[in-house]
Structures are given as C-alpha cells and as structure tokens.
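When reading the values below, keep in mind they use all heavy atoms of this one structure, side chains included, and skip hydrogens, waters and symmetry mates.
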Amino acid sequence: MLPVKKLRELPYELADKLELPEDVLLGSAKLTVTGGRSAVIENHRGVLEYTAERIVVAVPRGKVCLDGTGLRLKAMNKNELLVGGRIRNIEWG
C-alpha cells in the first residue's frame, strides 16, 4: 500500500511522464505575467486577501501572493482572474 503523500503525487508524476501540461490534465493553476504590469491566474479558487499593495489568490495546491503598488482586480470569473498594477514580487506557496 502506498503512503497518502505518494498517492497525492501520483497524478503529477503521471503528467510529467506523459509530458502533458499539468494545468490541462489536472486543473493546476497557471500564472502568466506580462511586463510586471499584469498577471493572469488560471484555475484559481478565490481571492484570500486584496489590497492595493498585496493580492493573495487560492490555487489548487496552495496560494499565489502578488506584491506591488496600485494592484487591482481588473476582471474575474470562476476560472481566471486578471490583476493590473505594478507587480514587484510573486510568491507561490
């Protein structure tokens, strides 16, 4: 019998071995940043924190923290959100 941690990692190992993108196969989050001025987060699970200096977004395997100035949610639906402003730092955890 495999340990629980090993079972959780199995789908990610399979995606890697089959050379398939995790965001498509497993619904993993995908972050795209353009010029430090906008970010798109796909497959999000909601906004946890929202100020002009920090936006924290829940994703399937943790959270994404965007720090900067003048940050704002420009658009959001159940699958994607668009952040605008000056993005200085991104933390994925």
- Task: Determine whether V83 and Y50 fall in the same hydrophobic cluster, where Ile, Leu, Val, Met, Phe, Trp and Tyr are linked whenever their side-chain heavy atoms lie under 4.5 Å apart.
- Result: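 Yes, because V83 and Y50 connect within a single hydrophobic cluster, where side-chain heavy atoms sit under 4.5 Å apart.
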- Quick one: side chain to side chain contact (heavy atoms under 4.5 Å, CB included) partners of E80, sequence neighbours excluded?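 Per chain and number, E80 pairs via side chain to side chain contact (heavy atoms under 4.5 Å, CB included) with E42, N77.
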Would you say the side chain of [Y] lies within less than 4.5 Å of the side chain of [X], judging by non-hydrogen atoms?
| X | Y | value |
| --- | --- | --- |
| V64 | V56 | no |
| S38 | L82 | yes |
| L66 | V33 | no |

- Message: Strictly by side chain to side chain donor-acceptor pair (under 3.5 Å), give each pair with a member in residues 66-76 just once, sequence neighbours left out.
- Response: R54-D67
- For the pair V40 and L31, evaluate side-chain contact (heavy atoms from CB on, under 4.5 Å) and give the outcome as yes or no after the intermediate values. CA-CA 6 Å; V40 176; L31 171 66; over 6 Å; no
- The single option from L71, I41, L81, I87 that satisfies side-chain contact (heavy atoms from CB on, under 4.5 Å) with I55 is L71
